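Bear in mind the structure is a predicted one, so any value in this text is a computation, not a measurement. Sequence positions, counted from 1, serve as the residue numbers for this chain.
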Amino acid sequence: MAGSTHAAAEAAVLDANATFYRAFTDRDYAAMSELWAKRAKVTCFHPAARAIVGRVAVLESWKQILDGSSGFELRCVQPVVHLVGDAAIVTGYEGSDDEPAHLAATNVFVLEDGSWRMVHHHAGPISSPVPVPRPSRSIN
């Protein structure tokens with residue numbers, strides 16, 4: 001993959017990854033449903049839960065979470081994209097509101113009908129939290 005094409009694909013994957021966290025934070029089931037692959041097989045591991053397999057079951061789990069959530073910002077810290085042909089793996093850490101990130105996350109996407117669609121999400125606890133990045137101060 002040429003440099004500019006690779007960079008454009010990485011940016012598109014990061015945008016899809018951000019869409020996932022926005023849908024969660026906004027409790028937007030329609031956006032969450034649109035993000036998940038429609039033809040490729042999908043799976044999900046919510047923290048401390050067993051594997052969920054299949055689009056219907058995965059989306060039902062998100063519907064329950066989004067309907068039952070009291071609402072908080074879920075953010076992805078330090079996302080890194082690994083492109084593998086028409087698939088992409090994003091690794092990072094998840095934190096909520098102003099709290100340090102306390103979960104490691106892996107989000108897997110495939111290129112489906114010209115859009116990056118999620119096929120797998122896995123989040124689980126990490127041994128030590130990742131501090132919230134603080135903006136740097138300029139002395140100008």
Side-chain angles (χ1 to χ4, degrees):
M1 189 178 290
S4 63
T5 304
H6 185 85
E10 281 189 356
V13 170
L14 285 173
D15 186 54
N17 196 62
T19 296
F20 172 74
Y21 290 97
R22 243 187 338 273
F24 183 97
T25 296
D26 295 345
R27 298 180 0 211
D28 185 344
Y29 177 77
M32 183 68 76
S33 179
E34 182 62 26
L35 178 64
W36 282 84
K38 294 177 174 75
R39 288 188 315 281
K41 293 183 180 186
V42 301
T43 57
C44 185
F45 281 100
H46 296 298
R50 292 180 180 254
I52 302 168
V53 179
R55 180 176 164 80
V56 171
V58 167
L59 289 176
E60 180 57 31
S61 76
W62 284 113
K63 185 165 182 32
Q64 291 175 10
I65 289 169
L66 298 176
D67 285 349
S69 172
S70 60
F72 59 88
E73 176 193 15
L74 184 65
R75 66 185 190 295
C76 183
V77 178
Q78 300 174 8
V80 176
V81 177
H82 307 273
L83 290 171
V84 186
D86 285 346
I89 302 164
V90 179
T91 56
Y93 302 98
E94 291 180 352
S96 53
D97 296 326
D98 292 329
E99 298 298 317
H102 58 282
L103 300 171
T106 302
N107 297 323
V108 181
F109 299 86
V110 295
L111 198 53
E112 189 177 85
D113 298 328
S115 295
W116 289 99
R117 304 278 184 206
M118 187 171 268
V119 292
H120 181 74
H121 170 73
H122 184 181
I126 55 177
S127 59
S128 60
V130 176
V132 176
R134 301 286 177 216
S136 60
R137 291 186 167 182
S138 177
I139 303 183
N140 296 352

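A distance of 14.0 Å separates OH in Tyr93 from NE2 in His102, rounded to the nearest 0.5 Å. For the atom pair OG1 (Thr19) and CG (Leu14), the distance works out to 10.5 Å, reported to the nearest 0.5 Å. A distance of 6.5 Å separates CG of Asn107 from CD of Glu94, quoted to the nearest 0.5 Å. To the nearest 0.5 Å, atom OG of residue Ser96 and atom CD of residue Glu73 are 8.5 Å apart. For the atom pair Ser115 OG and Lys38 NZ, the distance stands at 8.5 Å (nearest 0.5 Å). Note that CD1 of Ile52 is 11.0 Å distant from NE2 of His120, once rounded to the nearest 0.5 Å.
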Test side chain to side chain donor-acceptor pair (under 3.5 Å) on Thr25 and Arg22 and set out the steps. CA-CA 5 Å; Thr25 296; Arg22 243 187 338 273; over 6 Å; no
Begin with the C-alpha distance, continue with both residues' side-chain angles, and end with the deciding distance and a verdict on side chain to side chain contact (heavy atoms under 4.5 Å, CB included) for Ile65 and Phe24. CA-CA 9 Å; Ile65 289 169; Phe24 183 97; 3.7 Å; yes
Kindly determine whether Phe20 and Trp62 satisfy ring-ring contact (aromatic ring centres under 6.0 Å, His included), including the steps that lead there. CA-CA 11 Å; Phe20 172 74; Trp62 284 113; 5.4 Å; yes
For Lys63 and Asp67, run salt bridge (charged side-chain N to carboxylate O under 4.0 Å, His left out): C-alpha distance rounded to whole Å, both residues' side-chain angles, the deciding distance at 0.1 Å, then the answer. CA-CA 6 Å; Lys63 185 165 182 32; Asp67 285 349; 3.4 Å; yes
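Checked by atom type and distance alone, the side chain of Asp28 pairs as donor or acceptor with a backbone atom of Ala30 at under 3.5 Å. Remark: side-chain polar atoms of Arg39 are not paired, donor with acceptor, to backbone N or O of Glu112 under 3.5 angstrom. Using modelled atom types, no side-chain atom of Arg55 and backbone atom of Val42 make a donor-acceptor pair closer than 3.5 Å. Formation of a donor-acceptor pair under 3.5 Å by the Arg117 side chain with backbone atoms of Phe109 is not found in this model. A donor-acceptor contact shorter than 3.5 Å is absent between the side chain of Ser33 and the backbone of Tyr29.
Across every non-hydrogen atom of Leu83 and Ala9, the tightest pair is CD1-CB, 3.7 Å. The two residues Trp116 and Leu35 have their closest heavy-atom pair at O-CD1, 4.1 Å. Across every non-hydrogen atom of Ala40 and Val110, the tightest pair is CB-CG2, 4.1 Å. The two residues Val13 and Ala88 come nearest to each other via the heavy atoms CG2-CB, 3.6 Å. The shortest heavy-atom contact between Pro100 and Pro129 is CB-CB, 3.6 Å. Nearest heavy atom pair, residue Met118 against residue Trp36, reads SD-CZ2, 3.3 Å.
Counting only heavy atoms from C-beta outward, the side chains of Pro79 and Thr91 never approach each other to under 4.5 Å.
The hydrophobic clustering, which links ILVMFWY residues whose side-chain heavy atoms are closer than 4.5 Å, places Phe45 and Met32 apart. Leu103 and Val77 are members of different hydrophobic clusters when ILVMFWY side chains are connected at heavy-atom separations under 4.5 Å.
Ring orientation note: the planes of His121 and His46 are tilted relative to one another, at an angle of 30° to 60°.
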